[in-house]
Structure formats: C-alpha cells, structure tokens
2 protein chains.
Amino acid sequence: VSLVENASPQLPDVMAALVGHTTGARTVGVTGAPGVGKSTLVGALVSSFRRRRARVGVLAVDPTSPFSGGAVLGDRVRMQEHALDPDVFIRSMASRGHLGGLAWATPQALRVLDAAGFDVVLIETVGVGQSEVEVAGLADTTLVTLAPGMGDGIQAAKAGILEVGDVFVVNKADREGANQVVRDLSAMLRSAPTVPAPDSFGWTPPVVRTVAHRAEGLDALVGAIDEHADWLVSSGRLADRRRKQALDEVEALAAAQFVEQARVALGADREELAERVATGRLDPYTAADRYLAARRPTESV
Amino acid sequence: VSLVENASPQLPDVMAALVGHTTGARTVGVTGAPGVGKSTLVGALVSSFRRRRARVGVLAVDPTSPFSGGAVLGDRVRMQEHALDPDVFIRSMASRGHLGGLAWATPQALRVLDAAGFDVVLIETVGVGQSEVEVAGLADTTLVTLAPGMGDGIQAAKAGILEVGDVFVVNKADREGANQVVRDLSAMLRSAPTVPAPDSFGWTPPVVRTVAHRAEGLDALVGAIDEHADWLVSSGRLADRRRKQALDEVEALAAAQFVEQARVALGADREELAERVATGRLDPYTAADRYLAARRPTESV
C-alpha cells in the first residue's frame with residue numbers, strides 16, 4: 001500500500017503480479033460530513049465483521065492530504081482497539097493531489113488488500129462533495145452517514161448524497177433531533193430523484209439508526225450491508241459496477257500517464273504555454289493540442 | 001457559460017475568440033461545509049462589491065451535479081435580491097462528473113465572465129474535501145467559511161482547510177460557540193503546518209467574524225480580501241498563481257481530450273478491457289497502455 005501511495009515505479013510490476021490472485025473482496029464506502037462520527041462507525045463495523053471472523057481492511061482516504069499530510073492520524077488513534085489484531089489492516093492514504101489520484105490509487109490499494117486475503121475492505125473518506133461521489137464509484141456498497149445538528153435537509157440534498165447512498169446511517173441517534181433527521185431523510189428518499197442513478201434501480205436504500213460508540217444498531221447496519229451485497233449479486237449489478245470501476249481506474253491511470261509523458265516531451269515549453277494562457281494571449285484548447293501532439297512517438301522519442 | 005457547461009463543440013472557437021479580450025478579473029473562492037451559510041455570505045459579498053460599483057459574477061460550482069442536477073437552485077433563490085441587477089451574473093454550474101470537469105470547465109466560465117467585463121467573480125463550491133482544494137487552486141483569494149456547532153477543531157484540520165484558506169470567515173458569529181471557533185482556529189493557524197503551502201509564505205490568513213444575513217462584518221471581510229489581493233500583486237504571487245492555474249487547466253483539458261480520443265480509437269475493446277480488469281485477469285497498467293497506444297495517429301486515424 002505504501003508503494004501505491006508513493007506511486008512507486010515498481011507499481012506496474014506489483015499489479016501485474018497480482019493478476020489471478022484477487023478473489024473480489026467486498027468493499028464498503030463510508031462517507032459523510034466531518035463530525036458525524038464516521039471513524040467511530042468504521043471502528044464499530046470492524047468489530048462487527050471481526051465477530052464473524054472476516055479479515056477486515058480499512059482505507060481512510062484523505063483527498064486533501066497533498067496539503068496536510070497525516071491529518072487523519074486522529075482516526076487511527078480512535079481505532080486503537082484493533083491495532084494489535086493481525087486480521088485487521090488500517091491505513092490512512094493520501095491521494096497525492098495528482099490528477100485523478102483518488103480514482104486510480106484507491107483501487108490499486110484495494111487490489112493489494114484483496115490479494116492479501118482481506119474479505120471486507122472499508123473505505124472511509126474525509127469530506128463531502130466530489131470525494132464522496134468518487135468513493136461511491138469505488139465501493140460495492142456506499143454508506144452515507146448523517147447525524148443530528150449537522151445542517152438541515154436542503155443542505156443534505158445539496159451535497160448530492162441522496163443519489164450515492166446505498167444505505168443511510170443516522171448516527172448519534174440518541175441525540176436530540178435524530179427523529180427529525182430520519183423523517184427528513186425518509187421523505188427525501190420517497191420523493192423520487194429527477195435523475196435516478198442507474199444502480200439504484202430496484203433497491204430502496206434503508207435508513208438505519210446507530211449510536212456507534214456504544215455499538216447500538218450495528219447488527220441492523222451489518223444486516224443492511226449484507227442485504228445490499230446479496231441484491232448486487234442477484235440483480236447482476238455487482239458485475240456492472242465492477243466493470244465501471246475498472247474502466248474508471250484504467251482511464252484515470254491512462255490520463256495521468258499521458259500527462260506525465262507529455263510533460264517530459266514538452267520540457268521547458270510548458271512554462272511558456274502556461275504564461276501565454278495565464279495572460280490571455282493563448283486559448284487553453286490550442287495549448288492542450290500541444291500536449292496531445294507532444295507525446296506522439298515520432299516527436300517525443 | 002451554457003456552452004461551457006454542456007461542453008459544446010464550439011467551445012474551442014469561443015475560447016480562441018476571447019484571446020486578447022480578458023483583463024484578469026479578480027476571483028474569490030468561497031468554500032466551507034454545508035450549513036455554514038456560504039450562500040448568504042456570497043449574497044452579502046455581492047452587495048458589498050456592488051456598492052463600489054464593481055460588476056460581479058457568481059459561479060456556484062456543484063461537483064456532485066452529475067447525480068443531482070439543479071440541486072443548488074436553493075442558493076439562487078436566496079440571492080434573489082440581485083436577480084434584477086444587470087451588473088450581477090449568477091449561475092449554478094455542474095461539473096458534469098467528467099474527468100477533471102471542475103478543473104477545466106470552471107476556468108473557461110471565468111474567462112467568459114472576465115471578457116464580458118465582470119470585475120470580480122465569486123466561486124462558491126458545494127461541499128468540502130477535494131472540491132474545496134480544487135476551488136482554492138482556481139481562485140486568487142480563497143475564503144474558508146466556518147460556523148459554530150459544525151464539528152470540532154480536529155474535524156476542521158481533517159478537512160485540510162487550514163492550508164487552502166487565504167482568509168477565514170467565522171459566520172453566524174452571533175451564535176453560541178463562535179468565540180471558541182475563533183480561538184481554536186487562531187491557535188491552529190499559529191501552530192505552523194508541517195508542510196506549508198507555497199502560496200502562504202509571507203501572508204498570515206486573518207480570521208474575520210460575520211453575521212452574513214445582517215451584513216455584519218462585511219466591511220472587514222471585503223477589507224481582508226482587498227488586502228490579500230494587494231499582497232498577491234506586491235509579492236509577485238498573483239502571476240505565479242495564475243500560471244499554475246493555467247497549467248492545471250490546460251493539463252486537465254488535454255487529459256480529458258486524450259481519454260476521449262482513446263475511447264473512440266478503442267471502440268468495443270474498452271468493454272473487454274474493463275471486463276478483464278474487473279475480474280482480475282488483467283492489470284490496470286497493461287490496460288492503460290492500450291489507451292496510450294490507441295491514440296497514436298498511425299493506429300487511431
């Protein structure tokens with residue numbers, strides 16, 4: 001996983017070596033705004049999956065880490081109870097801020113954990129918005145976590161969470177306002193979205209209440225995750241989802257490699273292009289054409 | 001702007017036509033978690049800039065819109081007071097969910113508004129995390145907005161906001177807990193980040209209190225934005241930042257066009273590649289190589 005995070009030059013060899021050694025581990029994404037208790041929930045889920053003897057991996061993906069390396073350390077502290085369990089692997093992973101970093105690095109880390117024999121991999125993301133949508137694209141089952149007192153229903157809808165959630169979790173369900181969050185959420189889920197996500201066809205996302213730090217509601221939550229996993233298989237959606245995931249990964253990787261090759265080929269011309277576009281003397285499409293031309297083998301070799 | 005949002009085939013011609021017609025409008029990014037009052041703050045900022053007769057554009061960028069088109073409509077309702085002002089342009093913009101959509105489409109919309117004579121463009125983003133960091137890369141000055149009761153200090157640090165903010169706004173400053181937010185934030189800003197962002201050298205981000213719906217603190221906020229704009233020019237950072245922005249835009253655009261060309265060249269082979277990678281029979285690097293090979297002119301024409 002360190003090789004993945006550091007974009008090691010050996011990565012292509014590692015990935016090639018893993019061919020035929022993956023078994024298709026289940027992946028569960030856990031998203032939600034800061035403060036809803038995602039890390040505590042992930043810790044409780046690890047305990048639940050461990051009770052049925054599954055080997056569990058946790059990837060805490062922090063898309064902002066190019067700026068603030070190591071910021072998710074606090075989460076790992078909260079998951080200390082699992083630190084000595086050899087069948088639990090917990091890792092915070094920065095996505096480097098490179099073009100599509102989250103999109104190509106996370107699936108590679110998943111592949112490593114899968115090949116290493118982990119049955120379930122939980123992907124926890126920091127923040128909402130783009131990263132939430134991306135994680136939903138990486139996981140088989142996406143949990144969207146909410147909590148009382150974190151902003152009203154309109155705000156929730158704004159963040160686009162309704163369409164990416166396979167299971168909704170109202171955490172801190174012992175707090176004031178929890179019933180209101182469940183009601184608002186259920187009402188929004190009933191009013192059909194104008195553009196339904198293809199994967200949501202035939203699956204009605206349940207709303208589960210939890211108090212993660214006391215492990216309350218965890219059985220119901222794991223039950224809902226299992227039900228979704230069964231539905232993915234029986235509906236044929238799992239294969240669709242994974243083909244889509246693979247295509248996204250490959251295209252993000254190809255795009256990143258293309259830009260890298262073009263940068264090398266352009267050399268110092270990049271600075272001049274940037275200067276001319278920045279000062280309004282060149283349009284971005286003409287500049288992009290230079291990138292596209294630069295890595296043609298006849299010119300770049 | 002509609003042409004940009006819809007990725008119109010005429011876009012390259014439009015961008016080429018704008019060459020020489022931009023004057024370098026000031027751009028101010030407004031970020032923060034859902035519920036902190038970003039839209040109200042943006043509305044108040046529009047009023048403030050209008051009082052000095054600046055023409056103001058607002059781009060509300062919603063990175064999640066591929067799923068929930070039109071979700072930010074609520075924001076536009078809140079900015080109704082400016083709806084009839086011909087010198088204010090307000091537009092919600094989806095980033096389409098395409099590879100690097102936010103990265104290449106937003107600068108193009110900015111360029112259109114700049115050429116149309118807008119002096120200041122406010123970029124409001126929905127959500128935190130990746131989109132926040134991306135908006136910080138697009139704007140000259142980035143405001144990070146917080147509010148009491150939206151999660152503790154550790155959560156704020158987790159979201160990586162400290163490093164992207166040029167000016168911090170504690171909105172809803174009349175509410176309980178505002179002083180604590182200001183104290184926590186100031187303490188975190190004082191403890192130097194382990195990896196300082198290059199642009200933050202020589203600039204200490206101020207913390208400004210506002211009650212946006214009553215326009216309280218807006219003069220101080222606009223003053224802080226002006227000060228940062230002056231510093232950008234005097235320190236030479238503005239030119240650096242804009243070269244960096246231009247390079248990011250061009251590379252995101254080139255990458256998107258590369259993938260598009262490769263998709264066309266690969267045709268039905270894409271599905272087979274996806275299937276083989278998804279089932280662990282092919283590694284993603286070998287698959288990516290097919291993309292890189294596919295658009296070589298000799299093979300793709």
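Computation of the quantities below employed the complete heavy-atom set of this structure, encompassing side-chain atoms and omitting hydrogens, waters and symmetry-equivalent molecules. Proteins get letters first, then strands, A, B, ... in listed order; numbering begins at 1 in each.
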Gap separating the CD atom of A:Glu260 from the CG atom of B:Leu292, nearest 0.5 angstrom
11.5 Å
Side-chain donor-acceptor distances from residues 9-21 of chain A under 3.5 Å, at least two apart:
unit_1  : atom_1 : unit_2  : atom_2 : d
A:Gln10 : OE1    : A:Ser8  : OG     : 3.4
A:His21 : ND1    : A:Ala17 : O      : 3.3
A:His21 : ND1    : A:Val19 : O      : 3.3

Is there a side-chain contact between B:Asp283 and A:Arg111 (heavy atoms, below 4.5 Å)?
no
Given the options A:Arg243, A:Lys244, A:Arg242, B:Glu275 meets salt bridge (charged side-chain N to carboxylate O under 4.0 Å, His left out) only with A:Arg243
Gap separating the OH atom of B:Tyr285 from the CD atom of A:Gln108, nearest 0.5 angstrom:
3.5 Å
Take B:Arg290 and A:Val250 through the side-chain contact (heavy atoms from CB on, under 4.5 Å) test and state the conclusion after the steps.
CA-CA 10 Å; B:Arg290 292 283 308 278; A:Val250 168; over 6 Å; no
Heavy-atom nearest pair, B:Tyr291 first then A:Ala254, reads CB-CB, 3.6 Å
Under 4.5 Å from any heavy atom of chain B, what part of A:Arg276 do you find: side chain, backbone, both or neither?
neither
Check whether more than 12 heavy atoms from other residues, nucleotides or ligands sit under 6.0 Å from atom CZ of A:Arg281, and answer yes or no.
yes
Please state whether the side chain, the backbone, both or neither of B:Arg270 comes within less than 4.5 Å of a heavy atom of chain A.
both
Given a strict heavy-atom distance threshold of 4.5 Å, which part of B:Thr22 is in contact with chain A: side chain, backbone, both, or neither?
side chain
Minimal non-hydrogen separation, B:Ala246 against A:Ala278, with atom names
CB-N, 3.7 Å
Flag the one option from A:Leu253, A:Thr286, A:Val277, A:Asp114 with the top tally of heavy-atom pairs under 4.5 Å to chain B.
A:Leu253
Residue from B:Ala288, B:Pro284, B:Ala274 scoring the most non-hydrogen pairs under 4.5 Å with chain A is B:Pro284
